[in-house]
2 protein chains.
Amino acid sequence: MAFIRQLVQGMQHVRNYYNSDAQMIRGGFHQTFISRTYKTSFLKPRSKVEIKLLAAKKHSEAEKRRRMRINGQYETLRNILPNIIKKDKASVLAETIKQVKELKKKVSKLEQDSSSNPSKDVVKFPNGTDKLNLERCNNDEGIVKATLSCEDRLGLMSSISGALEQVKAKVVKAEIVSVGGRARSVLWVQGLGNDGTGTLKSKLRVAMQKPPKMQRFTQ
Amino acid sequence: MAFIRQLVQGMQHVRNYYNSDAQMIRGGFHQTFISRTYKTSFLKPRSKVEIKLLAAKKHSEAEKRRRMRINGQYETLRNILPNIIKKDKASVLAETIKQVKELKKKVSKLEQDSSSNPSKDVVKFPNGTDKLNLERCNNDEGIVKATLSCEDRLGLMSSISGALEQVKAKVVKAEIVSVGGRARSVLWVQGLGNDGTGTLKSKLRVAMQKPPKMQRFTQ
DNA sequence: GTGAACACGTGAAAC
DNA sequence: TGTTTCACGTGTTCA
């Protein structure tokens, strides 16, 4: 009966549990058996039982290595993750999942922030071609972002604010950078009507191209 | 011998392995045994063997639940993480560790970016107290970031640019926001000497507090 | 026929 | 007390 065979192996195995190599295992068997195989091969196991035992030992050792590998990774997870209260495997995994999700959300949020980050816009185009672009902010309804780059000159800002005044728009925020004679501005404009966008755009285009001249400055 | 007892239990257990409740297990025993306990209690197990078997069953089932719980979390990890090639437990854990580290690094990097992000600075303090702060940029050597918030007024920007002119500094970038009569500006200033920072600071303080008056604007 | 990976049941320890 | 968690050795399957 197969089951009995397993039991015998199991008992042998238990008896030799703490032996750590093939010689020790062999030492656990009857002397008569050993002497039968002694002359043909000194250390190599011969009998089917021996082979099975060695295989079992190898198997359990491999399994132990696998367990240790996995447990080591649990340990590093425990060290990496903050706010670990319970440190059993299931909790570690649960906390890991939670943290990964949070981190992912955080990253996507931060990446979106930095992509909609005005400073990046300003830095983005240091080229010499004139540009004018108006777009509705997707974050804030009613706010229009005007991006313009042109030659920097005396009174440019006055011209621009004049254009804004004409359409009764209010600048709630502005970023201006002037590099190498080129100016780039990003204006967040509030209070434009539905048709105000087109009007502002044309007025801004004029302001950008207005020839330089001395002006009375009234902010 | 304790070992034999376990074996018997083990065989019983194996025989009843696929039964799913106490009644089925009881059905696996001799009829004589059942009739002995039949009158006193209909369904509750009586003998020590039965109790042990039930305990073993409960134990193995609990262990199975635990395994399933953990494996479910492995599965969610496999779904959450991108770029999973090998999906065995060790690889999943390894990949998880890697991803967590990467995400952490990414987050700290992005958070640093956004903390040195001028827009955030501008938005950060909408309060009514005057402030003036100069600090060296840790990204760009030689660039000083001047952050100032004060009452908005006619000619404020002229005063500030006048102060900058006096120390022969150049503004490479500026962010200005005016809300509710308060102005907040962040200026990135280049070309300051070692002692220029202090000088600029005092000049800026004067410019901020200068009483409003009409001025000739020369940008 | 090896090695790797997994699920399983079980003894032991923690609480 | 019983419940929970872990390590272990084993059987099995897959490449």
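- Atom NZ of B:K86 and atom P of C:dA4 are 10 Å apart (whole Å).
- The base of C:dG9 sits within donor-acceptor range of the side chain of B:R67, with an N or O pair under 3.5 Å.
- Listed pair A:R65 / C:dG3 fails the phosphate criterion, with no side-chain N or O lying under 4.0 Å from OP1 or OP2.
- A donor-acceptor pair under 3.5 Å links the side-chain atoms of B:Q73 to the main chain of A:A90, judged by distance alone.
- A straight line from CG of A:N71 to P of D:dC6 spans 9 Å, rounded to a whole angstrom.
- Between the side chains of A:S91 and A:D88, at least one donor-acceptor pair of N or O atoms lies under 3.5 Å.
- Nucleotide D:dT1 forms no Watson-Crick or G-U wobble pair with any nucleotide shown, as no partner meets the under 3.5 Å limit on both distances.
- Straight-line distance from the CG atom of A:L93 to the C1' atom of D:dC6: 14 Å, rounded to whole Å.
- Side chains of B:K89 and B:N71: a donor-acceptor N/O pair is present below 3.5 angstrom, by distance only.
- Nucleotide C:dG1 forms no Watson-Crick or G-U wobble pair with any nucleotide shown, as no partner meets the under 3.5 Å limit on both distances.
- Summarising the geometry, atom CG belonging to B:L148 is positioned 6.0 Å from atom CG belonging to B:L132; distances are rounded to the nearest 0.5 Å.
- Separating the CD1 atom of B:I85 from the P atom of C:dA5 is a distance of 14 Å, rounded to the nearest angstrom.
- Remark: the A:H59 side chain and the D:dG11 base include a donor-acceptor N/O pair separated by less than 3.5 Å.
- Comparing C:dG3, D:dC6, D:dT10 by their nearest atom to the side chain of A:K58 picks out C:dG3.
- Atom pair B:R69:CZ and D:dT4:C1' shows a separation of 8 Å (rounding to whole Å applied).
- Rounding to whole angstrom units, CG of residue B:L54 and P of C:dT10 are separated by 12 Å.
- The CE-P distance, from A:M68 to D:dA7, rounds to 11 Å in whole Å.
- A donor-acceptor contact under 3.5 Å is not formed by the side chain of A:E63 with the base of D:dC8.
- For D:dC8, the OP1/OP2 oxygens have a side-chain nitrogen or oxygen of A:K64 closer than 4.0 Å.
- For B:K89 and D:dC6, the NZ to P distance is 12 Å, given to the nearest whole Å.
- Of all the heavy atoms in B:N83 and B:Q99, the pair that sits closest is ND2-NE2, 4.4 Å.
- Looking at A:E61, its side chain has no donor and acceptor atom pair within 3.5 Å of the base of D:dC8.
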